Amino acid sequence: MANDKTRKFSSIIVDGVAQAPSRAMLHAVGFSDDDFKKPQIGIASTWSMVTPCNMHINKLAEDAAQGVDEAGGKSIIFNTITVSDGISMGTPGMRYSLVSREVIADSIETVTSAQGFDGVVAIGGCDKNMPGCLIALARLNRPSVFIYGGTIKPGAKRRDIVSVFEAVGGVAAGVVSEAELKEVEDTAIPGPGSCGGMYTANTMASAIEALGMSLPNSSAQEAVSEDKRNDCRRAGAAVMALVEKDIKPSDIMTRKAFENAITMVIALGGSTNAVLHMLAMAHSSNVELELDDFTRIGANVPLLADVKPSGKYLMSELIAIGGIQPLMKILLDAGLLHGDCMTVTGKTMAENLAEVDPYPAGQGIIRPLDNPIKKDSHLVVLYGNIATGGAVAKITGKEGLSFTGNARVFESEETALAAILDDTVVKDDVIVIRYEGPVGGPGMREMLSPTGAIMGKGMGKDVALITDGRFSGGSHGFVVGHVTPEAAVGGPIAIIKDGDSITIDAENKTLDLNIPQDEIDTRLSQWQAPAPKETRGTLAKYAKLVCSASEGAVTDKF
């Protein structure tokens, strides 16, 4: 297999007399003389013991390396960071979550480019490291395969991490005892793997498979399973075939491929974070994608999956009936997917799906096209005098399709959560949490603690929440995030006052402050920018570089 085409990057590093020092260094890490003649494949591992989502990925990286080596390549495992959303949720640490996506992308790009790898296998297992991996692969544009680390097994009584957040709200409402909360805490997370519903991790894994950047079924395997280990070994072999054929991410991550990924996210009832991440991934792929594309595609794609957080079932239960491949076949046959898109198998999407078996009769997780949960997308892009640059809501219909209430304004997530738990927030309130956007946070924190508390207190249909921050994939209820422009840059959300009437209308796709325009103009003219929360370090750099959430909150859009 080895030739100039397959070693176009590594040959610069290791060939010739002048590169003897490079070879000397590599001998020390296990290279033989024969290894210098092979394509070098970087295995980007997000292994870490900071979270159960990634605690097993070191072993998966070894399996992927085995697949590369058996296919005639030379594998080199390297690590990048990850942080845990679930652990940092509701704390200042969550400000680093979205920031970590950029750190991960930068680090994978840096190592791969510096070391001259001819191809890359990237393994991610948590919300931000998956899009971080894809952003890096798109920038590098070398033959690449992504591997999903896999979903967690269900906890006792089908619990997961969202069960714990909602139990906290139950304690505040007096319907869950502290002893019951402790029992939920102790049993919700049984071992390795990403959070078990169609939250951001499983959403992004499914989107990446539909994008064509992971092998069929990579998104639908439990973290601890022989299927996942086989997926890794097959991915190692697959990247070697991509190197031989010179099939790169730019051949796969096309405009039509992103449309396929959006379609899958909608059909599965996926996380609002997918909007943010796919905009960022498309930017790195030099693909034109914007908020309105989600609206355009969503008008024709139904919500079919009855999965958590708004539905009943966990990812492991979807895996048991065949994962997302049969759903992709349904959508392809209905003309809702582009079957001619290239994938990391070296075949098109239609070719991959040709022999896929249908779901078993009687299953209740995936609805038929003629009996959807919702006839169009649950991801609703809203515009109005609060969100002139757009906002993103996740509305399945069970919350209702419109909400008008009185603003109850908070300058941070912590103050809002305290007010929810101590009964300050009451029926018909529209909770406004601002200065939590990419610049204002800095870092655009997720709001699972407030939304979990709302649901746990049984107020899911009684109050709404809008924010220039974002939501966990586990959030549900009448919630609107990604409000742009954000408060920190003078967006209209900054001038809302307690008691102002606000209307959220998912049918007309509007988010409006019900006061005269001249009053809005007066308030905006009087608004003063707050002092930056951070003046040094990672968060300060991020706040200086980051663009709007409506553009993916990337840091390299100049």
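Keep in mind it's a predicted model, so treat the numbers as computed, not measured.
In this structure, Trp47 contributes its side chain and Met55 its backbone to a donor-acceptor pair below 3.5 Å. Between the side chain of Arg255 and the backbone N or O of Glu288, at least one donor-acceptor pair lies under 3.5 Å. Within the 3.5 Å criterion, the main-chain N or O of Lys347 finds a donor-acceptor partner in the side chain of Thr343. Within the 3.5 Å criterion, the main-chain N or O of Leu327 finds a donor-acceptor partner in the side chain of Tyr359. Side-chain atoms of Arg536 never come within 3.5 Å of backbone atoms of Lys541 as a donor-acceptor pair (strictly under, hydrogens ignored). No donor-acceptor pair under 3.5 Å is formed between the side chain of Ser113 and the backbone N or O of Thr110. In this structure, Asn129 contributes its side chain and Cys126 its backbone to a donor-acceptor pair below 3.5 Å. The backbone N or O of Ser32 sits less than 3.5 Å from a side-chain atom of Asp35, completing a donor-acceptor pair. Listed for the His482 side chain is no donor-acceptor partner under 3.5 Å among the backbone atoms of Leu276. The backbone N or O of Val103 lies less than 3.5 Å from no partner atom in the side chain of Ser100, so there is not a single donor-acceptor pair.
To the nearest 0.5 Å, atoms CD (Gln115) and CD1 (Ile13) are separated by 7.0 Å. For the atom pair CD (Gln221) and CG (Leu215), the distance works out to 9.0 Å, reported to the nearest 0.5 Å. Expressed to the nearest 0.5 Å, how far OG of Ser107 lies from CD1 of Ile81 amounts to 6.5 Å. Atom OG in Ser206 sits 4.5 Å away from atom CE in Met315 (nearest 0.5 Å). Taking CG from Asp85 and OG1 from Thr200, the interatomic distance works out to 7.5 Å, rounded to the nearest 0.5 Å. Going from atom CD of Gln66 over to atom CD1 of Ile43 covers 11.5 Å, rounded to the nearest 0.5 Å.
The two residues Ser84 and Thr51 have their closest heavy-atom pair at CB-CB, 3.6 Å. Of all non-hydrogen atoms in Ser271 and Val265, the two that sit nearest each other are O-CG1, 4.4 Å. Summarising the geometry of Ser284 relative to Ile135, their closest heavy-atom pair is OG-CG2, 3.1 Å, with the distance given to 0.1 Å. Taking every heavy atom of both residues into account, Gly270 and Thr203 meet most closely at CA-OG1, 3.3 Å. Glu209 and Ser219 get closest at one heavy-atom pair: OE1-OG, 2.7 Å. Contact record, Asp246 with Lys8: OD1-NZ, 3.7 Å, taken as the closest heavy-atom pair.
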- request: List the steps and the verdict of side chain to side chain contact (heavy atoms under 4.5 Å, CB included) for Met349 and Asn260.
  value: CA-CA 10 Å; Met349 179 73 70; Asn260 284 346; 4.2 Å; yes

message: Using salt bridge (Lys or Arg N to Asp or Glu O under 4.0 Å), reason through Arg233 and Glu226 one step at a time and then give a plain yes or no.
response: CA-CA 11 Å; Arg233 288 187 282 263; Glu226 191 58 32; 2.7 Å; yes

- request: Show the numbers, then the answer: is there a salt bridge (Lys or Arg N to Asp or Glu O under 4.0 Å) between Asp34 and Lys74?
  value: CA-CA 10 Å; Asp34 284 342; Lys74 175 57 179 175; over 6 Å; no

message: Quick one, Ser22 with Gln19, criterion side-chain hydrogen bond (donor to acceptor under 3.5 Å, both in side chains). Give me CA distance, side-chain angles, the key distance, then yes/no.
response: CA-CA 5 Å; Ser22 303; Gln19 295 310 118; 3.0 Å; yes

- request: Please lay out, stage by stage, how Val145 and Leu242 fare under the test side chain to side chain contact (heavy atoms under 4.5 Å, CB included).
  value: CA-CA 9 Å; Val145 178; Leu242 294 174; 3.7 Å; yes

- request: Begin with the C-alpha distance, continue with both residues' side-chain angles, and end with the deciding distance and a verdict on side-chain hydrogen bond (donor to acceptor under 3.5 Å, both in side chains) for Asp231 and Ser218.
  value: CA-CA 6 Å; Asp231 179 46; Ser218 184; 2.8 Å; yes

task: Mind running side chain to side chain contact (heavy atoms under 4.5 Å, CB included) on Leu137 and Met281 for me, showing each step along the way?
output: CA-CA 9 Å; Leu137 300 184; Met281 289 156 53; over 6 Å; no

message: Let's go through Arg158 and Leu314 carefully: what are the C-alpha distance in whole Å and the side-chain angles of both, what is the deciding distance for side chain to side chain contact (heavy atoms under 4.5 Å, CB included) to 0.1 Å, and is it a yes or a no?
response: CA-CA 8 Å; Arg158 300 178 64 251; Leu314 292 163; 4.2 Å; yes

- request: Dump the intermediate steps for salt bridge (Lys or Arg N to Asp or Glu O under 4.0 Å) on Lys228 and Glu222, then the final yes or no.
  value: CA-CA 7 Å; Lys228 179 48 64 184; Glu222 289 185 332; over 6 Å; no

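Within the 4.5 Å cutoff, the side chain of Asn352 has no heavy atoms near those of the Thr348 side chain. Residues Lys248 and Arg142 are not in side-chain contact: their nearest non-hydrogen atoms beyond the backbone lie 4.5 Å or more apart. Between Ile324 and Asn217 the shortest side-chain heavy-atom distance does not fall below 4.5 Å. Two residues are said to be in side-chain contact when any heavy atoms from C-beta on lie closer than 4.5 Å; Val301 and Met264 fail this criterion. Between Ile76 and Ile41 the shortest side-chain heavy-atom distance does not fall below 4.5 Å. Contact annotation: the side chain of Phe294 approaches that of Leu279 to within less than 4.5 Å [non-hydrogen atoms, C-beta and beyond]. A 4.5 Å side-chain heavy-atom check between Val224 and His56 finds every atom pair outside the cut-off. Tyr148 has its side chain within reach of Met130: a pair of non-hydrogen atoms, C-beta onward, lies under 4.5 Å apart.
By the 4.0 Å N-to-carboxylate-O rule, Arg95 lies close enough to Glu534 to be salt-bridged with it. With respect to Arg229 and Asp63, a salt bridge is recorded, a charged nitrogen being found less than 4.0 Å from a carboxylate O. Here Lys38 does not pair with Asp69 in a salt bridge; the nearest charged N to carboxylate O distance is not below 4.0 Å.
For the residue pair His338/Glu259, the side-chain donor-acceptor check at 3.5 Å is satisfied. Inspection of the Ser97 and Arg445 side chains reveals no N or O donor paired with an N or O acceptor under 3.5 Å. A donor atom on one side chain and an acceptor atom on the other are not found under 3.5 Å apart for Ser48 and Asn54. A donor-acceptor contact closer than 3.5 angstrom is absent between the side chains of Asp127 and Tyr199. A donor-acceptor contact closer than 3.5 angstrom links the side chains of Ser250 and Asn141. For the 3.5 Å distance criterion, the side chains of Ser163 and Asp160 qualify, holding a donor opposite an acceptor.
A cation-pi arrangement, defined by a distance under 6.0 Å to the six-membered ring centre and an angle within 45 degrees of its axis, is absent between Lys308 and Tyr313.
If you look at His27 and Phe36, their ring centroids are closer than 6.0 Å.
The ring pair (Phe, Tyr, Trp, His ring centres under 6.0 Å) check on Phe117 picks up Phe78, with sequence neighbours excluded.
Applying side chain to side chain donor-acceptor pair (under 3.5 Å) to Asn273 and the options Arg470, Lys128, Lys394 leaves one that passes, Arg470. With Leu134 as the partner, the side-chain contact (heavy atoms from CB on, under 4.5 Å) test is satisfied by one option alone out of Met213, Met278, His277: Met213.
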